[in-house]
Protein chains: 2
Amino acid sequence: MDTNEFPALDETDVAILERVERDADVNLAELAEELELSKSAVHYRLNKLKDANVITAVSADIDPLALGLNMVVITEVSVAHESGYAEDIGQSLTAIDGVFQVYYTMGDVDFVVHSRVQNRDQMNDLVDEIVTIDGVNETASKFVMRELKTSTRTVENMSEEMVRNAVDGTD
Amino acid sequence: MDTNEFPALDETDVAILERVERDADVNLAELAEELELSKSAVHYRLNKLKDANVITAVSADIDPLALGLNMVVITEVSVAHESGYAEDIGQSLTAIDGVFQVYYTMGDVDFVVHSRVQNRDQMNDLVDEIVTIDGVNETASKFVMRELKTSTRTVENMSEEMVRNAVDGTD
DNA sequence: AATGAAATCGACCAGCA
DNA sequence: TGCTGGTCGATTTCATT
């Protein structure tokens, strides 16, 4: 049963996704051979996956260090709960330069914010900017010493069981 | 002065990076026109950026929801500090199915782990698996209600100042 | 879903600043 | 070292079955 707005996927679709999320530069011929399909079949499926927004974009991955972004900070943000400003505060957080992830979470902390900056001055400015947002009550920041894994890849991190579920549609 | 192993970049390089991280499917001709450069010049620079590992990969971005991955959990992990196992524990964490980010942090918490799963059973299993790792002392998990921003894009999140620094090399 | 033809694109080259 | 313009081969794309 479809529980979401996306089309049902089969094993072949997942195989294609796994491959192109790893390296979108593969040419159709190679992909087709790997999957034992014709080039046009692969082409057809790829188009379908893009149209259905299963594939949302094809993008070049850029090493942040190449641009001097060698500091990552994790900031937990708590808001004044009387205020119904949560929505606005979320928006304000996403708009701050250097911020690359914002989550709205359950628990004593309301937002978790990840940012990437080049130096301590920028780190300071960024935390200041967060504190200044109207409705923000308290913040606590952690400095990241090492990024052991940062994999935006979807299929790559899935277990066999997850893939099976995704194909069956029995989420 | 170069403070890292990467080549110096100029404004044109950054413009190219900004464009291809947004959409790597642009053809050379279009890119060249936008930058008022020749196709071969763009080609030349792109190769250079890939060779220097400024561009680490070209990948298709896949919507996790299309595969039923509709739950994100943030887990804070503290380890027994006598043990010098931090390295091993980090490795163990990155290897767990569903885990897509692992940070080693300063402070009372040692690791921050982000995972994506399809249902509560998987969530349970995942947290269990973390607790079971040898040397792990304590864990605290937060459920993510909303992902307000998840942008792996590097240049996109940079301020003008950051770009200027990156180009000058004055990090 | 496969075939094959037409259109398009990226890779490469020699020459040049 | 980086750029230009042009050519060739490879690759995507599309109409048809």
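Letters A, B, ... mirror the listed sequences (proteins, then strands); counts begin at 1.
In 5' to 3' order, the nucleotides of DNA chain D bounding all contacts with chain B (an atom under 4.0 Å from a heavy atom) are dT1(D) to dG6(D).
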Please write out the pairs of protein N or O atoms and N or O atoms of nucleotides 8-10 of chain C separated by less than 3.5 Å, giving the distance to one decimal.
residue, atom, partner, partner atom, Å
dC9(C), OP1, Asn27(B), ND2, 2.8
dG10(C), OP2, Leu28(B), N, 2.8

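Summarising the local packing, CD of Glu33(B) is surrounded by 12 or fewer heavy atoms from other residues, nucleotides or ligands at distances under 6.0 Å.
The terminal axes of the helix from dA1(C)-dT17(D) to dA17(C)-dT1(D), fitted over 5 pairs per end, subtend an angle of 40° to the nearest 10°.
Taking a 4.0 Å limit (strictly below) on heavy-atom distances, residues 50-60 of chain B does not reach DNA chain C anywhere. Residues from residues 31-38 of chain A lying near DNA chain D, meaning a heavy-atom separation below 4.0 Å, are absent.
For Lys39(A), the side chain to side chain donor-acceptor pair (under 3.5 Å) criterion is met by no residue, not counting sequence neighbours. Scored by the side chain to side chain donor-acceptor pair (under 3.5 Å) test, Glu129(B) finds no partners at all (sequence neighbours excluded). Under the side chain to side chain donor-acceptor pair (under 3.5 Å) criterion, Glu30(A) pairs with no residue, sequence neighbours left out. Residues satisfying the side chain to side chain contact (heavy atoms under 4.5 Å, CB included) test with Glu138(A), not counting sequence neighbours, are Ser78(A). Applying the side chain to side chain donor-acceptor pair (under 3.5 Å) criterion to Glu87(A), with sequence neighbours excluded, gives Arg146(B).
Side-chain heavy-atom separations under 4.5 angstrom define the hydrophobic clusters, and the remaining members of the one that includes Val131(B) are Val127(B).
Atom CD of Glu21(A) sits about 7.0 Å away from atom OG of Ser151(A), to the nearest 0.5 Å.
Between the Asn119(A) side chain and the Gln122(A) main chain, a donor and an acceptor come within less than 3.5 Å of each other.
Ring orientation note: the planes of His114(B) and Tyr103(B) are nearly perpendicular, at an angle over 60° on the 30°/60° scale.
Following chains of ILVMFWY side-chain contacts shorter than 4.5 Å, one cannot reach Val54(B) starting from Phe100(A), and the two form parts of different hydrophobic clusters. In terms of hydrophobic clustering, with Ile, Leu, Val, Met, Phe, Trp and Tyr side chains grouped at heavy-atom distances under 4.5 Å, Leu126(B) and Met145(B) are assigned to a common cluster.
Comment: Arg116(B) does not engage Asp97(B) in a salt bridge, judged by the lack of any side-chain N to carboxylate O separation of less than 4.0 angstrom.
Side-chain atoms of Val155(B) and Ile62(A), non-hydrogen and from C-beta on, do get closer than 4.5 Å to each other.
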Hey, can you pull the donor-acceptor pairs under 3.5 Å for the side chains in residues 106-113 of chain B, sequence neighbours left out?
residue, atom, partner, partner atom, Å
Asp110(B), OD1, His81(B), NE2, 3.3
Asp110(B), OD2, Val79(B), N, 2.9
Asp110(B), OD2, His81(B), NE2, 3.4

